[in-house]
Each structure stands twice: as C-alpha cells, then as structure tokens.
Amino acid sequence: ANQTFVTDLNSLTPTTTYYYQLAFTSGSTTTYSPVYSFTQAVIDAFRFNNSFLSQNGTLYLGPGPSGTYPGFVADRSGNTNSAVFLKNYEALVSGNIPTLPTGNSKRSVSFWFKRARTTPVEYHSIFEWGTQTTANAYGVTIYENNTVTNYGWQADVTSQTATALTTNWDHYVVTYSDNKTVCIYKNGALIRTGSQPNWNTIGNTLTIGSKAGGIPTNIYGHLDDFEIYNTTLSAAQVSNLYANGAALLSNQNFNSKTI
C-alpha cells in the first residue's frame, strides 16, 4: 500500500547535506533502502511560541526603537501565546542572521499572517533585510487592497488582483530563483510571477514588522511560522507547506525504488 511517512528533524545546520537510509523489518528479516540525501534549506524559523528565540536556538530577536516587545496571541489552531501581535510601535523586532541570502542568490520566505482589524484600512510591512537603495533590499508588504509586493527597493513585483479584506489567517510564500524569477503564493496558489534580474541584496539584518531601521507604524496583525530558506521552493513544496506545514524538501517515492 502507498503510505506517507513524515518526521521532524531539529537542530540541522543550514547548507549541510544529510544522508539517510530506511530499514524495513518483517519478522526476522530486515531489508535496507538505498542511501538518500537532502540539503538543509531552512536558514532559520521563528515559531513565536511565547518566545522570540529562533527554532534552531541561535538568534533571539530584539525589540525596535520603542524598546517594547510585541505581545503574543493565539495561533491559527487556537494555541495560546503561539503567534506574535505586530502592532505599530510595538511591532519591530530584528536580529542579525549571517546566513541570510544576499546578492542575487536564490531564496524563499514563508509566513502566516492575519489582519487584526479591517478598519482603518492599512498596509502591513511584514519583513525586510538589506539596504534601502535600488535593488539592494528584500522584503514583503501587504497593501490596503490585499495585493502583495515582494520588493527589492524600487525593483518590485506586485500581485495584481485586489481582494476583500478579512481577519482570516492566510499563508504567504515568496521565492526567488537562479533564473531571477520572482513568485508570490497565497494559500498554496501562485498569484504572481515576475522577473528581477538586477536584485542584489546587501546586508543581513532581518527586520520583522517594519522596513529595515524604520519606525514601525504600518502593521497591525498577527504573524506566525516565519521561515527563511536558502533555496527556491517549488509550487508542489509550497502547496504542501500550506496544507501540511512542511515543504518536504526530501520527498522520495519509495514505491518506485527497489528495496
């Protein structure tokens, strides 16, 4: 029978290749699969489970200019204190991540976001790193009409279809590939592609809840499961990330292998 096996592997080192093998035991007989490999592509992730510590335990985000940390709220599954409430002057958190994708390297960022209100109508600066000169930054803004911009600073790609404002949780992924293609996904579906051959991100200080170095005045919502990858997630991986919470960066079809 066809079966899917999923497991969580924690404390993996970014850009490191890992090897694994499966063992199948039936009675007194054990059969081994070939040796497979995958490269750890998640640079860092923030779950905001009542903490600003990154999932791999290497970075603790600091507060913004107000000196006040954002508070925590329930996540999309109703778990208390498991998402962060980015609220204007209490929004900005930041930290230095040396392994952030820079230059024109491939990357993906995934996050869940929920507007905390629909009035007043406002835009939301989700994240940024880099330098605020043309094509030297990297970030995402969700605008008043729910269009989404993945920007490089005056070198941007924006989804074109406006949608009604809600206070629902939505999943967003932005990707940048080796061929300089930008993709924007919402709730597992591709909503925009574009080309940005001149992106050259300079700097590795991540800012969440504002543009880099700015006073956080343009966000009012809940954020959860913020992940940064050093690879370009495929449409299938984005869909699986939305549906199952995992991108399945190693997804072997063992039914097609001789075990």
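For reference, positions follow the sequence shown, starting with 1.
Two rings, from F52 and F72, have their centers less than 6.0 Å apart.
Y185 and Y242 are not part of a single hydrophobic cluster, where members link through side-chain heavy atoms under 4.5 Å apart. A continuous path of ILVMFWY side-chain contacts below 4.5 Å connects F48 to L59, so both sit in one hydrophobic cluster. Residues L165 and L223 do not share a hydrophobic cluster, defined by chaining ILVMFWY side chains whose heavy atoms lie under 4.5 Å apart. I43 and W112 fall into different hydrophobic clusters, where Ile, Leu, Val, Met, Phe, Trp and Tyr side chains are chained together by heavy-atom contacts under 4.5 Å. Each of W169 and I191 belongs to its own hydrophobic cluster when Ile, Leu, Val, Met, Phe, Trp and Tyr are linked at side-chain heavy-atom distances under 4.5 angstrom.
Remark: the D156 side chain and the T158 side chain contain no N/O donor-acceptor pair separated by less than 3.5 Å. Of the N and O atoms on the side chains of T30 and T25, at least one donor lies less than 3.5 Å from an acceptor on the other residue. In summary, the side chains of Q154 and T134 do present a donor paired with an acceptor at a separation below 3.5 Å, with no hydrogens or angles considered.
In this structure, W199 contributes its side chain and A155 its backbone to a donor-acceptor pair below 3.5 Å. Using modelled atom types, one side-chain atom of R107 and one backbone atom of S105 make a donor-acceptor pair closer than 3.5 Å. Side chain of T166 to backbone of N168: a donor-acceptor contact under 3.5 angstrom is found. Of the possible polar contacts, none joining the S239 side chain to the Q237 backbone as a donor-acceptor pair under 3.5 Å is found. When atom types are taken as modelled, the side chain of K180 and the backbone of N104 share a donor-acceptor pair closer than 3.5 angstrom. Using a distance-only test at 3.5 Å, with no hydrogens or angles considered, no donor-acceptor pair links the side chain of N230 to the main chain of K106.
In this structure the side chain of S82 reaches within 4.5 angstrom of the side chain of N49, judged on heavy atoms. Annotation: side chain of H171 is in contact with side chain of V173 (closest heavy-atom distance under 4.5 Å). Side-chain contact between P101 and I228 is present, with at least one heavy-atom pair separated by less than 4.5 Å. In this structure, T161 and S159 have side chains that are not in contact, with every pair of non-hydrogen atoms separated by 4.5 Å or more. Two residues are said to be in side-chain contact when any heavy atoms from C-beta on lie closer than 4.5 Å; V148 and R192 fail this criterion. Counting heavy atoms from C-beta outward, N200 and N136 have side chains that approach closer than 4.5 Å. Taking the side chain as every heavy atom from C-beta outward, F113 and D170 never approach each other to under 4.5 Å. Side-chain contact between V182 and Y176 is present, with at least one heavy-atom pair separated by less than 4.5 Å.
In this structure, OG1 in T193 is found 12.0 Å from CG in N150, a value given to the nearest 0.5 Å. For the atom pair T207 OG1 and W129 CH2, the distance stands at 11.0 Å (nearest 0.5 Å). Note that CG of N187 is 7.0 Å distant from OH of Y172, once rounded to the nearest 0.5 Å. Distance OG/S210 to CG/L86: 10.0 Å, rounded to 0.5 Å. Rounding to the nearest 0.5 Å gives a distance of 5.5 Å between OG of S77 and CG of N79. In this structure, F111 CZ and I208 CD1 are separated by 10.0 Å, a value rounded to the nearest 0.5 Å.
Aromatic ring pairs are classed by plane angle as parallel below 30°, tilted from 30° to 60° and perpendicular above 60°; the pair F127 and Y138 is tilted. In this structure, F85 and H222 have perpendicular ring planes: the angle between them is above 60°, well past the 30° mark. In this structure, Y60 and Y69 have perpendicular ring planes: the angle between them is above 60°, well past the 30° mark.
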**Prompt:** Are T163 and N146 close enough, and set up right, to give a side chain to side chain donor-acceptor pair (under 3.5 Å), and what steps lead you there?
**Reply:** CA-CA 6 Å; T163 58; N146 261 352; 3.1 Å; yes
**Request:** Could you please spell out the steps behind the side chain to side chain contact (heavy atoms under 4.5 Å, CB included) verdict for F226 and L61?
**Result:** CA-CA 13 Å; F226 185 90; L61 295 174; over 6 Å; no
**Message:** Applying side chain to side chain contact (heavy atoms under 4.5 Å, CB included) to R117 and E122, what does each step give before you reach the verdict?
**Reply:** CA-CA 9 Å; R117 60 191 182 191; E122 54 208 333; 2.8 Å; yes
**Request:** Give the intermediate values and the outcome of side chain to side chain contact (heavy atoms under 4.5 Å, CB included) for residues V140 and V109.
**Result:** CA-CA 9 Å; V140 164; V109 177; over 6 Å; no
**Request:** Would you sort out whether R47 and D75 count as a side chain to side chain contact (heavy atoms under 4.5 Å, CB included), showing the intermediate values?
**Result:** CA-CA 10 Å; R47 304 302 176 196; D75 65 10; over 6 Å; no
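When every heavy atom of G188 is checked against every heavy atom of V238, the shortest pair comes out as CA-CG1, 4.3 Å. When all heavy atoms of I202 and T131 are compared, the closest pair comes out as O-OG1, 2.7 Å. Contact detail for T175 and L233: the closest heavy-atom pair is CG2-O, 3.9 Å. Scanning both residues, L100 and N204, for their nearest heavy atoms gives CD1-O, 3.4 Å. Closest heavy-atom contact between L241 and S110: CD2-OG, 3.3 Å. Contact detail for N145 and T147: the closest heavy-atom pair is OD1-OG1, 2.7 Å.
Residues forming a ring pair (Phe, Tyr, Trp, His ring centres under 6.0 Å) with W153 (at least two apart in sequence, or on another chain): none.
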